[in-house]
Amino acid sequence: MLINRRQALQLGLAAFTGITATSLTKTIHSNDNPKRNFRVVGQSPLRKRAVARGFLSGAAGNYPTLSTDAALRNLFAQECSILVPENELKWDTLRPAIDKFDFSKGDWLAKFASTHRMYFRGHTLVWDQALPGWFKEKVNHQNAENILVEHITTTVKHYAGKVHSWDVVNEAIAIPYSNRPDGLHPGAWLELLGDGYIDLAFRTAAAADPKAMLVYNDRWLDYDTPRDNAQRAAVLKLLERFKSMGTPVQALGIQAHLDGSETRFNPRKLRTFLRDVASLGYKILITELDVVDKKLPVDIARRDRLVARAYEDYLSVVLDEKAVIAVLTWGLSDRATWHSNYNPRPDRAPVRPLPFDSNLKRKLGWNAMARAFDKAPKR
Ligand code: G3I
């Protein structure tokens, strides 16, 4: 299998391939064009710019920060026309015990969304992560189907009529970890129920709330890399399989956790993928957009420019596809981002992946999103 420069470096084969970290860093820096000014017309918030072009714009929010931070609440109300709970509708929050549901935090976020005229989306009904402590010990081949059907039915009915869309199944495909031709992730649900768990999940959700848009959500769909190219091909096959089986899936969720240091962005390949998905009749949501800055220069002006470049280059391609109906970032401000814990910078400098800084001030990433929204074809 051929490996590219980046993989060679990661595999520590630099000595043999004549690659050095400097040459990789040089590539990243060459992307930094200080003359690119990200100028924006007017001061309108993102939610207004998006709705003017016929799509929704919002973010993931979580109970711990939104319930205690009035300034952050005001920012969400100003900028977002759709909200998704970051963690509050996952099993580990909803299910304190096998015979218990706790919707309190999800309900608080649903109320916050409706109070501020935001749509509310659910994330996520079936995932191999964020499973509660009792799961491994209490769920087995005999009871797994009933437990899955009960979870989806109870949760979807609880929010029926209040939800714009549900991420019914999240990250079912994981090319780097799968030994299957279909690329399915060898996780708990596949092990317990076989690949039928996916169709079962969507049919159960559709029965519980026929009005909600049902979404298949996945990541690693963005770049011209061996992993992402294979992931896009496998996801497209899964979407085709839904169509042939009549599985009630109406949209694809593209997480879009971008990497500001990734230079292998191929607009043509991404645009073709979006067109292929739309031609199958699916809508598309960008569900978890952010730009990891782990490998970017520590200098804030340069780092923010490179992050903004990633936002604008990506959204310009994505929003050209009219089947894209919503763009959500995974968090709104650097004050609360999963990257702080999951992708800290080696120099320990605070990460800056989102459109607002930790003082809730607009960054160039905000400008980049506003520019891409303003240029998007009207839906
Ligand atoms: O709430 C508990 C807290 O009571 C406890 O003290 C603390 C101790 O570790 O854990 C807290 O729960 C953490 C939770 O985030 C809330 O902060 C979990 O351990 C931690 O695993 C969880 O991480 C979330 C992760 O998904 C797993 O659910 C991240 O915040 C969240 O941003 C991340 O989001 C995922 C999407 O759902 C799917 N796509 C990828 C994305 C990023 O990984």
Side-chain angles (χ1 to χ4, degrees), residues 58-69 72 76 80 82-97 100 102-109 120-136 151 155 163 165-177 185 187-189 198 201 215-223 227-228 231 235 251-260 284-294 326-344 350-356 358:
N62 63 58
Y63 177 78
T65 54
L66 283 175
S67 63
T68 54
D69 186 337
L72 189 64
F76 269 76
C80 300
I82 186 165
L83 175 78
V84 61
E86 184 173 8
N87 295 304
E88 289 73 11
L89 297 183
K90 294 174 182 172
W91 280 63
D92 57 358
T93 305
L94 284 185
R95 306 298 302 277
K100 279 202 180 58
D102 176 1
F103 291 113
S104 57
K105 296 192 173 75
D107 291 352
W108 188 94
L109 289 164
F120 185 63
R121 68 181 316 265
H123 171 85
T124 174
L125 296 168
V126 184
W127 189 25
D128 288 321
Q129 292 183 45
L131 293 171
W134 54 262
F135 190 90
K136 230 183 172 70
H151 179 83
T155 304
V163 161
S165 52
W166 270 107
D167 289 339
V168 175
V169 173
N170 184 50
E171 302 178 11
I173 288 177
I175 290 298
Y177 311 122
H185 179 252
W189 292 111
I198 300 174
V215 182
Y216 173 71
N217 192 50
D218 217 328
R219 75 256 122 124
W220 303 339
L221 301 168
D222 315 303
Y223 293 110
R227 179 195 70 181
D228 289 17
Q231 185 85 356
V235 165
L252 170 67
I254 299 177
Q255 291 185 11
H257 289 296
L258 305 181
D259 179 345
I284 299 167
L285 294 85
I286 305 302
T287 51
E288 306 182 16
L289 179 63
D290 54 20
V291 180
V292 67
D293 65 352
K294 187 172 184 173
V327 174
L328 294 97
T329 49
W330 203 244
L332 201 51
S333 151
D334 298 335
R335 187 180 284 190
T337 167
W338 69 290
H339 285 300
S340 300
N341 296 332
Y342 283 75
N343 291 301
V351 295
R352 297 173 64 85
L354 289 167
F356 289 85
S358 51

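Atoms within a ligand are numbered from 1 in the order they appear, just like the ligands themselves. We count residues from 1, following the sequence as given.
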Distances under 3.5 Å, N/O of ligand 1 against N/O of the protein: list each pair and its distance.
| from | atom 1 | to | atom 2 | distance (Å) |
| --- | --- | --- | --- | --- |
| ligand 1 | 21 (O) | Tyr342 | OH | 3.1 |
| ligand 1 | 23 (O) | Tyr342 | OH | 2.9 |
| ligand 1 | 26 (O) | Lys90 | NZ | 2.9 |
| ligand 1 | 28 (O) | Lys90 | NZ | 2.9 |
| ligand 1 | 30 (O) | Glu86 | OE2 | 3.4 |
| ligand 1 | 30 (O) | Asn87 | ND2 | 3.1 |
| ligand 1 | 32 (O) | Glu86 | OE2 | 2.5 |
| ligand 1 | 32 (O) | Trp330 | NE1 | 2.9 |
| ligand 1 | 34 (O) | Trp330 | NE1 | 3.2 |
| ligand 1 | 37 (O) | Lys90 | NZ | 2.7 |
| ligand 1 | 37 (O) | His123 | NE2 | 2.7 |
| ligand 1 | 39 (N) | Glu171 | OE2 | 3.0 |
| ligand 1 | 39 (N) | Gln255 | OE1 | 3.2 |
| ligand 1 | 39 (N) | Gln255 | NE2 | 3.3 |
| ligand 1 | 39 (N) | Glu288 | OE1 | 2.7 |
| ligand 1 | 39 (N) | Glu288 | OE2 | 3.3 |

>> Does anything in residues 327-343 form a salt bridge (Lys or Arg N to Asp or Glu O under 4.0 Å)? List the pairs, not counting sequence neighbours.
In response: Asp69-Arg335, Asp334-Lys363
>> Trp134: which residues meet the ring pair (Phe, Tyr, Trp, His ring centres under 6.0 Å) condition with it, sequence neighbours left out?
In response: none
>> Using the salt bridge (charged side-chain N to carboxylate O under 4.0 Å, His left out) criterion, which residues pair with Asp222? Sequence neighbours excluded.
In response: none
> Does the side chain of Val235 come within less than 4.5 Å of Leu221's, by heavy atoms?
Replying inline: yes
> Is there a side-chain contact between Trp330 and Thr287, using heavy atoms and a 4.5 Å cut-off?
Replying inline: no
> Between Asp259 and Val291, is any pair of side-chain heavy atoms under 4.5 Å apart?
Replying inline: no
